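Here the structure comes first, spelled out in structure tokens, and everything after it is commentary.
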Amino acid sequence: MIDSKEKIAKILFASCALISIIITLSILIFMIVLGLPLFKQDHLFSVWSEQWIPHQGMYGILPMIAGTLWIAFPATALSFPLSLGTSFVMIGLGNRRIRQSLYVLIRFMTGIPTIIYGFVGIFLLVPLIRESLGGAGMCVLAAVIVLSVMISPAMILFFSDALASVNPHYVKTARALGATRVQCLMYVLVPESIGGIISGFILAFGRAIGDTLIALMLAGNAIQIPWNVLDPARTMTAHIALVNAADFDSLAFRSIFACGITLYLLTAIATLFVRYLVQIKEFKSE
Amino acid sequence: MFNTSLKTLIILVCSLCTTPCFGDALKVFHGHKGNIKIAGGTAHIPVMKEAARRIMTQYKDIVITIAGGGSGVGIKQVGEGIVDIGNSGRKPKPEEIERYGLVLHKWAIDGVAVIVNQNNKVRSLTNDQLKGIYAGQITNWKSIGGQDHSITLYTRDESSGTRSVFWKKALNKGMINLKALFVPSNGAMKTAIANDPYGIGYVSVGHIDHTVTPVVLDGIKPTLENVKTGQYKIVRALYSNTKGAPSELTQLFIEYLLTPDGQKIVADNGFIPVK
């Protein structure tokens, strides 16, 4: 009896896992199949290297790839230390009142709709950047700042959960050996929860790459490779949102799938790379 | 004192009298229920909203939803049967009409005007200057009589009907500089220009209000009057498209836009009625 129940549960969970794998892979296959016409007509290379000038038959998504990288990397890089610091305060360094109010605040931040961040950005940050730093105001910098604030709550909660789940005996032992709170944090908590910290980082990076609205509202969407943070840029996600309306059979529309594939691969590579780093580290420490 | 209350009374009586009047055109909706889904052109939205508001306040069983997206979205979504009415600020292309079996309903004429921020000293341009600005040859307001500051170009995405009309009739299919910033709707364009003292963009004439300044082009102001007389050349028609013959309720909605009441909404929103 117990055995059969066990079996059913096993099959059930295995099929759940299988379905999610199938869905993930079929999305990739779906994008490749639908994007096929673009790759067939000698566009395979040009779609990733050309400019985007539809009425001259150029459907390159290179400026959008650059735009995505220009916004996603700095946003994650800016957000990571902030989030790590905040989670340190929430877990070990702050007093109880600070910790609790921080926790409530961060929880609250996760619930704020993206569009609100966008609005604040467009009415406060964009004019501020335009007046103080010059340029059009709608630029990489505006999107990076707002995006880094937006992705930080997820990272903070992930980090603090990982830090909090470290075996308390380790902490007690370290404290008994005379370690200060900061030493305890740096030499016990952080190394022990490195897996969780990395998961949080990947998750936040995925959000930064996948975000559409912030870039669409604040980055200006110009079809040009940005050269500095005050230049406007268009991300692949914003490009998909803007070109979505084009004729289904047109190459412009097909380029959406090239964007989709690139986004997919970019996230996959980033995830694999970070996991690989973790494995090396774990291997070494064993 | 007496005077004001008398005035109030008169206004009250008048409004009571007019309510059944606009009920007259709305009467045809009596006894109908259902949904009308509308999407597409963003120039159309103010008129759609007002018409929908009037219908829905009188007849609670009718639900009308209005979404934007741009002309391309409107044509595509109605063609694929996602919405009942797909609005477009340009005439659908022959191949679009053929493929989806679209039926076009034209209910207004609209101009596309170049706009700048209220604080901009530049209030008129020649067509060549406009082309130069959009091509990226003229990059500073100073060279056309404004402040010494770089010009920020704003444009719309390719699916926009407003863009396609502006591109054809104002820029003569000239180049739009790759530095131009993209905004996704007429409303977003207005907000962007209203907030950017150095911006230049273009919107449907119906969307112009006190927050932005329309630019006189080749000596002709983009007013309703000049659009009507044909002096202002950057004009287009506003269409509501359906896939084949529309359902009864959708048909009634489109007919309502063409009634005197409907055409008054059109005129009140800064467009030119077709009837």
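The structure displayed is predicted, hence computed values, not measured ones. Throughout, a chain's letter reflects where its sequence line sits, starting with A, and its residues are numbered from 1.
Inspection of the B:H44 and B:S240 side chains reveals no N or O donor paired with an N or O acceptor under 3.5 Å.
If you measure heavy-atom distances from B:S71 to chain A, you find no contacts under 4.5 Å at all.
The candidate with the highest count of non-hydrogen atom pairs below 4.5 Å against chain B, out of A:M138, A:Q224, A:R130, is A:R130. The residue among B:N177, B:L181, B:L153 with the most heavy atom pairs within less than 4.5 Å of chain A is B:L181. When B:I75, B:V183, B:N195, B:T152 are compared by the number of non-hydrogen pairs under 4.5 Å with chain A, B:N195 comes out ahead.
Taking the six-membered ring where tryptophan is involved, the planes of A:H239 and A:W52 are perpendicular, since the angle between them exceeds 60° and thus also 30°.
None of B:V73, B:I85, B:D84, B:V83 except one satisfies the side-chain contact (heavy atoms from CB on, under 4.5 Å) rule with B:V78; the exception is B:V83.
The cationic group of A:R234 lies under 6.0 Å from the six-membered ring centre of B:F182 and within 45° of the ring axis, placing it in a cation-pi geometry.
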